[in-house]
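Comments concern the structure below.
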Amino acid sequence: MGGISLSMLFQYYRPQPLSIPLRWNSLFLAVNVIMVTQLYLERKEAEEFMGEELEDLFTVGLFEKRGFGRLEFWRLFRMARREELESGFYIKRVGI
């Protein structure tokens with residue numbers, strides 16, 4: 001974002017300002033600001049709302065050791081659906 005900002009300053013303060021590149025760079029800067037804001041808010045949400053149960057699962061399940069960060073773990077569990085099964089229930093049987 002700093003490079004785009006400096007480029008915009010250069011294009012604006014030329015003897016004859018370049019309006020078309022200035023407009024395109026403004027668009028690129030706006031898109032980058034929106035994306036950085038979304039990433040920041042998602043990371044903040046993952047840190048704030050990951051309760052004690054998910055924090056324990058993250059630690060005990062060795063997710064960090066397997067290469068998951070807290071944000072990736074949060075994304076995975078946002079998509080997940082929780083089901084509690086009865087004792088003795090088979091998820092998959094061999095040969096069936």
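Atoms considered below: every heavy atom in the structure, side chains included; atoms not considered: hydrogens, waters and symmetry mates. Throughout, numbering of the chain's residues begins at 1 and tracks the sequence.
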Taking a hydrophobic cluster as the set of Ile, Leu, Val, Met, Phe, Trp and Tyr residues connected by side-chain heavy atoms closer than 4.5 Å, whether directly or through intermediates, do [X] and [Y] fall within one such cluster?
{"X": "Ile20", "Y": "Leu18", "result": "no"}
{"X": "Leu54", "Y": "Phe49", "result": "yes"}
{"X": "Met8", "Y": "Tyr12", "result": "yes"}
{"X": "Leu22", "Y": "Tyr13", "result": "yes"}

Check: residues 68-77 side-chain donor-acceptor pairs under 3.5 Å, at least two apart:
| from | atom 1 | to | atom 2 | distance (Å) |
| --- | --- | --- | --- | --- |
| Arg70 | NH2 | Glu55 | OE2 | 2.5 |
| Glu72 | OE1 | Gly69 | N | 3.0 |
| Arg75 | NE | Glu42 | OE1 | 3.4 |
| Arg75 | NE | Glu42 | OE2 | 3.1 |
| Arg75 | NH2 | Glu42 | OE1 | 2.8 |

Assess whether atom [atom1] of [X] is packed by more than 12 heavy atoms of other residues, nucleotides or ligands within 6.0 Å.
{"X": "Arg78", "atom1": "CZ", "answer": "yes"}
{"X": "Glu52", "atom1": "CD", "answer": "no"}
{"X": "Leu41", "atom1": "CG", "answer": "yes"}

I'd like to know if the side chain of Arg66 and the backbone of Gly61 have a donor-acceptor N/O pair within less than 3.5 Å.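 Yes; judged by distance alone, with no hydrogens or angles, the pair exists.
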
Tell me, please, which residues at least two apart from Arg14 pass salt bridge (charged side-chain N to carboxylate O under 4.0 Å, His left out). none

If you look only at pairs with a residue in residues 20-37, which of them pass as a side chain to side chain donor-acceptor pair (under 3.5 Å), with sequence neighbours excluded? Ser7-Asn25, Gln11-Asn25

If you define the side chain from C-beta out and look only at heavy atoms, does anything of Phe63 sit under 4.5 Å from Leu57? yes

Contact check, side chains of Phe10 and Leu6, non-hydrogen atoms, under 4.5 Å: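 Not touching, per the 4.5 Å side-chain cut-off.
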
Residues Glu53, Arg82: salt bridge by 4.0 Å N-O rule: yes

So, applying side chain to side chain contact (heavy atoms under 4.5 Å, CB included) with Ile4, which one of Leu27, Val33, Leu29 is it? Leu29

